[in-house]
Amino acid sequence: SQKIEQNSEALNIQEGKTATLTCNYTNYSPAYLQWYRQDPGRGPVFLLLIRENEKEKRKERLKVTFDTTLKQSLFHITASQPADSATYLCALDLGTGKLIFGQGTTLQVKP
Amino acid sequence: GAVVSQHPSRVICKSGTSVKIECRSLDFQATTMFWYRQFPKQSLMLMATSNEGSKATYEQGVEKDKFLINHASLTLSTLTVTSAHPEDSSFYICSVGIAGASTDTQYFGPGTRLTVL
């Protein structure tokens, strides 16, 4: 069956450290993978997109990797700050305009 | 990007009544909008794709007669939950899809919290 999985347990890290979140999928062949940030009671906000033929993408303190062999994407936040505390969602873009979302991983950055 | 608004942000209604949620694209003409539902601690689940000037496309398992979608203009889509029941209580979010050079990015509204008593 098709699945997209993120670590459902919250990730707690100390300010200044690098946060690494994982997104695994099975039985999908996404053309692209997107990462979104969602704060409580709010809609998701687009962060980064990576194509299937790209290994890595960076934007300021954010870095995304995409391994189509492992069927995995890693999302890194370097020099994390308490303001980075939120739920991060990965989404598979199958090239149809629709997105398939993971359940999200909640990140808590402690000062 | 696109700025997307939703109204109302919160609504409480009695079981059996109908509730309308509006989704507006404030700075972008959207031929396609998407409606999602999110239960606590769960993923966003796509309910339907709203197409301007034509019928919405519903995902498997979503009752089109219960969740009425009207995309009357390029800036407005509405979702009406008819005969709402407590199990329809959820966070409803719309999004606007913007075509990029090779893929679409979605810009989401702030969501509407529906509570059915």
Side-chain angles (χ1 to χ4, degrees), chain A residues 1-11 21 23-25 28-54 57 59 64 66 73 86-108, chain B residues 1-10 21 23-26 28 30-51 56-60 62 90-115:
Chain A
S1 63
Q2 294 176 316
K3 287 194 295 186
I4 174 170
E5 292 182 320
Q6 295 182 253
N7 192 340
S8 59
E9 291 189 15
L11 178 63
L21 286 69
C23 176
N24 295 294
Y25 59 92
Y28 282 113
S29 296
Y32 310 90
L33 190 144
Q34 302 185 23
W35 283 89
Y36 289 78
R37 169 182 173 143
Q38 186 175 25
D39 290 285
R42 306 293 294 174
V45 174
F46 172 75
L47 295 175
L48 274 173
L49 175 154
I50 187 166
R51 297 177 175 78
E52 62 177 337
N53 61 351
E54 294 178 318
K57 199 77 168 283
K59 179 182 176 183
V64 171
F66 192 12
S73 175
T87 296
Y88 291 88
L89 307 168
C90 69
L92 301 184
D93 180 344
L94 305 180
T96 61
K98 297 182 185 178
L99 296 178
I100 312 295
F101 282 89
Q103 77 272 31
T105 297
T106 298
L107 172 66
Q108 188 72 37
Chain B
V3 179
V4 182
S5 70
Q6 281 184 241
H7 177 78
S9 57
R10 290 178 177 269
I21 302 170
C23 175
R24 291 184 185 275
S25 175
L26 300 182
F28 181 79
T31 55
T32 302
M33 293 184 178
F34 300 92
W35 284 98
Y36 294 83
R37 179 168 55 182
Q38 185 178 34
F39 292 105
K41 304 286 186 187
Q42 293 189 26
S43 176
L44 276 76
M45 297 300 296
L46 179 64
M47 300 176 65
T49 303
S50 173
N51 305 298
T57 305
Y58 290 82
E59 295 301 301
Q60 191 173 13
V62 178
S90 187
F91 192 49
Y92 291 85
I93 314 174
C94 69
S95 73
V96 167
I98 295 182
S102 51
T103 189
D104 293 350
T105 301
Q106 293 190 19
Y107 293 86
F108 287 83
T112 297
R113 175 74 59 192
L114 170 64
T115 303

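Note that this is a predicted model, so its numbers are computed, not measured. So that the names make sense, note that chain A is the first sequence line, chain B the second, and so on, each numbered from 1. Atoms considered below: every heavy atom in the structure, side chains included; atoms not considered: hydrogens, waters and symmetry mates.
A:F101 and B:S43 make their closest contact through O-OG, 2.9 Å (heavy atoms, listed as atom of the first residue, atom of the second, distance). The shortest non-hydrogen separation linking B:L44 to A:P44 is CD2-CG, 3.8 Å. Taking each heavy atom of B:F91 and A:Q38 in turn, the nearest pair found is CE2-NE2, 4.1 Å.
To the nearest 0.5 Å, the span separating CD on B:Q38 from CD on A:Q103 amounts to 11.0 Å. Rounding to the nearest 0.5 angstrom, the gap separating the OH atom in A:Y36 from the CZ atom in B:F108 is 5.0 Å.
Under the 3.5 Å distance criterion, with hydrogens and angles disregarded, no donor-acceptor pair is assigned to the side chains of B:Q106 and A:Q34.
Contacts between B:S9 and chain A at a heavy-atom distance below 4.5 Å are absent for every atom of the residue. With a threshold of 4.5 angstrom between heavy atoms, A:Q6 does not approach chain B through any atom at all.
Residue with the most contacts toward chain B among A:G104, A:A31, A:G102: A:G102 (heavy-atom pairs, distance under 4.5 Å).
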